[in-house]
Amino acid sequence: MTDILTLHHVQKRFGSQQVLQDVDFSIPTGSIFGFVGENGAGKTTTMRLILGLEKIDNGQIEVGDVPVTFGATKTNRITGYLPDVPAFYSYMTPREYLNLCAEITGIPNRAAKITEMLQLVGLPDNKHRIRGFSRGMKQRLGIAQALLNDPQLLICDEPTSALDPAGRNEFLELLASLRGKVTVLFSTHILSDVERISDRVGILHDGRLQACDTLTNLHQQYGQSQIAISFAAPAAAQQCATVLRPTFGDQVTVTETTVTLTYQGDYTAAAQQVLRALVQADLTPTALHKVDPTLEQIFLAVIKK
Amino acid sequence: MKDVWFFFKKELLESWRTYRFMILAVVFLIFALMSPFIAKLTPEIMKMSFGDSLGIKLPKPTSVDSWTQFYKNIAQIGIFVVAIMFGGTMSQELSRGTLINLVTKGLSRWAVVAAKYLCLVVEWVVVVSSAFFVTWGYTVYFFPDSRSPHVVAGFLPLLLFGLFFLAVILFGSTLARNSYGGLLFTILVMAVLYLVNLFKDAQNYNPVSLIGDNMALVQGTKDLAKLAPGMAIAVVATGCLLGGAVAVLNKKKLA
């Protein structure tokens with residue numbers, strides 16, 4: 001699979017603050033890439049550099065093998081962008097705004113394309129002006145304008161942060177439906193969104209890309225394998241922890257009636273060890289299950305690295 | 001060039017829907033109507049206010065009084081109304097981030113400057129020409145004299161000054177972070193030009209003379225050719241200001 005976006009050792013500084021340091025990654029065509037990081041980590045700056053809205057201090061960015069240049073980059077012809085807070089001309093109707101975008105992009109058969117986009121994002125095609133739109137409606141219009149030119153690369157900056165749960169769900173479904181057709185780069189600090197739809201994840205911390213891989217590989221590399229054992233009473237949980245500590249050491253923690261232990265290697269072997277210890281100690285759990293590592297754990301493990 | 005046309009249409013729509021054009025047209029129309037009426041009614045008003053105690057005989061108003069009133073209104077109030085109405089034309093786009101979507105779709109920044117300037121010029125030409133023709137009509141009607149033989153010659157420098165003044169406004173608005181910054185820049189430029197005008201030798205080279213000598217041109221006591229240096233400097237300065245606005249916008253963060 002070829003890469004639609006490649007960043008080569010990108011550096012960016014604002015005054016004395018180094019915002020991005022040696023950021024180097026690529027996104028395969030057709031994938032959904034979740035860009036994760038705390039506020040101020042440099043996610044928006046990276047996106048603005050990809051769009052040619054900021055000047056790169058060092059390094060190079062290529063979209064579809066064409067270098068991005070500051071100002072009016074040609075690569076924007078194949079890119080769609082949804083800013084975190086999309087700004088529109090409030091005196092226009094959605095159709096008028098999309099028509100302006102379509103004229104600039106040079107889209108043929110504009111009227112039909114605009115109707116298709118308004119239907120896709122669920123906005124009414126009427127005379128109501130953008131002035132009266134809610135935040136969610138503006139976000140929908142933002143998606144419509146970003147997808148209007150059938151971009152090969154769609155860049156969304158924290159697209160779900162302003163949406164209610166239903167709107168967020170709809171938006172994520174829409175992004176997921178683009179898989180294979182459009183390459184999506186979206187930034188967020190809502191890790192469950194990334195976990196839900198991303199093929200690959202990049203974790204940005206202190207201006208550096210600390211990790212960048214598929215979710216499966218990140219799980220293997222940074223995820224902690226855990227087993228959770230639940231008991232009916234806290235005393236039994238404490239007794240279980242005492243029994244397991246000689247084998248698992250500090251990796252055993254107790255919270256109320258649940259014992260969590262972190263293990264290395266194969267789940268079956270670890271589970272058999274736990275069960276044998278429980279039988280010997282005559283302890284009967286109410287539940288025992290494998291805990292899959294979450295992206296949150298991975299994120300915390302990566303940024304502590 | 002297509003981008004200029006697309007953005008120009010957007011600018012026209014904005015002017016119409018935000019009532020910017022209508023407000024400007026109404027203000028200039030009021031000036032246009034007021035000028036001949038005030039000239040006509042001033043002696044009556046004076047007579048009613050002071051009666052016989054005035055002691056002097058007021059001269060009969062002429063077309064010169066009407067045109068004097070017109071140029072005073074436009075030069076002293078009209079252009080500042082224009083500055084207030086248009087001061088945020090670029091700074092508002094930048095502070096609200098409305099250009100981001102369009103620039104990332106391939107809209108050139110120079111096209112934004114060109115389209116905005118073109119729209120400002122169209123609005124200026126329409127409102128100031130309409131005001132001129134309305135004043136001309138009423139002046140001819142009220143004062144059918146031959147004291148203002150070169151009406152068009154007096155108007156042309158005003159029209160040209162507008163083109164220069166709009167370039168100042170657009171450059172200031174591109175430079176500034178908000179409408180007030182753009183307005184302040186325009187006022188500062190005007191203040192400097194008025195200060196330069198204190199030096200007699202510089203007067204004919206100063207663009208501000210284009211709104212100062214209109215009555216002399218209307219009456220035929222000054223030749224339009226005398227203002228040629230001021231006109232040339234206004235045209236060159238307009239080009240420089242527009243080039244400067246493009247250069248500033250090219251370096252500006254869009255939000």
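Residue numbering restarts at 1 for every chain, and letters A, B, ... go by the order of the sequence lines.
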query = What about Phe133(A) and Phe88(A), are their ring centers closer than 6.0 Å?
reply = no
query = Who in residues 4-24 of chain B is close to chain A, using a strict under-4.5 Å heavy-atom cut-off?
reply = Phe6(B), Phe7(B), Lys9(B), Lys10(B), Leu13(B), Glu14(B), Arg17(B), Thr18(B)
ask   = Of all of Asn76(A), Thr75(A), Thr79(A), which one pairs up most often with chain B through heavy atoms under 4.5 Å apart?
value = Asn76(A)
ask   = In terms of the angle between their ring planes, are Tyr89(A) and Tyr97(A) parallel, tilted or perpendicular, with boundaries placed at 30° and 60°?
value = tilted
task = For Tyr117(B), check ring pair (Phe, Tyr, Trp, His ring centres under 6.0 Å) against everything at least two apart and list the hits.
result = none
query = In terms of heavy-atom proximity below 4.5 Å to chain B, should Leu100(A) be classed as side chain, backbone, both, or neither?
reply = side chain
key: Phe28(B) and Trp124(B) aromatic ring geometry - parallel, tilted or perpendicular at 30°/60° bounds   = perpendicular
request  = Select one option (side chain, backbone, both, neither) describing which atoms of Lys105(B) are under 4.5 Å from chain A's heavy atoms.
outcome  = both
inquiry  = Just by distance, no angles: are the side chains of Asn178(B) and Ser91(B) close enough, under 3.5 Å, to form a donor-acceptor pair?
reply    = no
query = Going by an N to O cut-off under 4.0 Å, is there a salt bridge joining Asp22(A) and Arg208(A)?
reply = no
ask   = Side-chain donor-acceptor pair under 3.5 Å between Arg110(A) and Asn99(A), yes or no?
value = yes
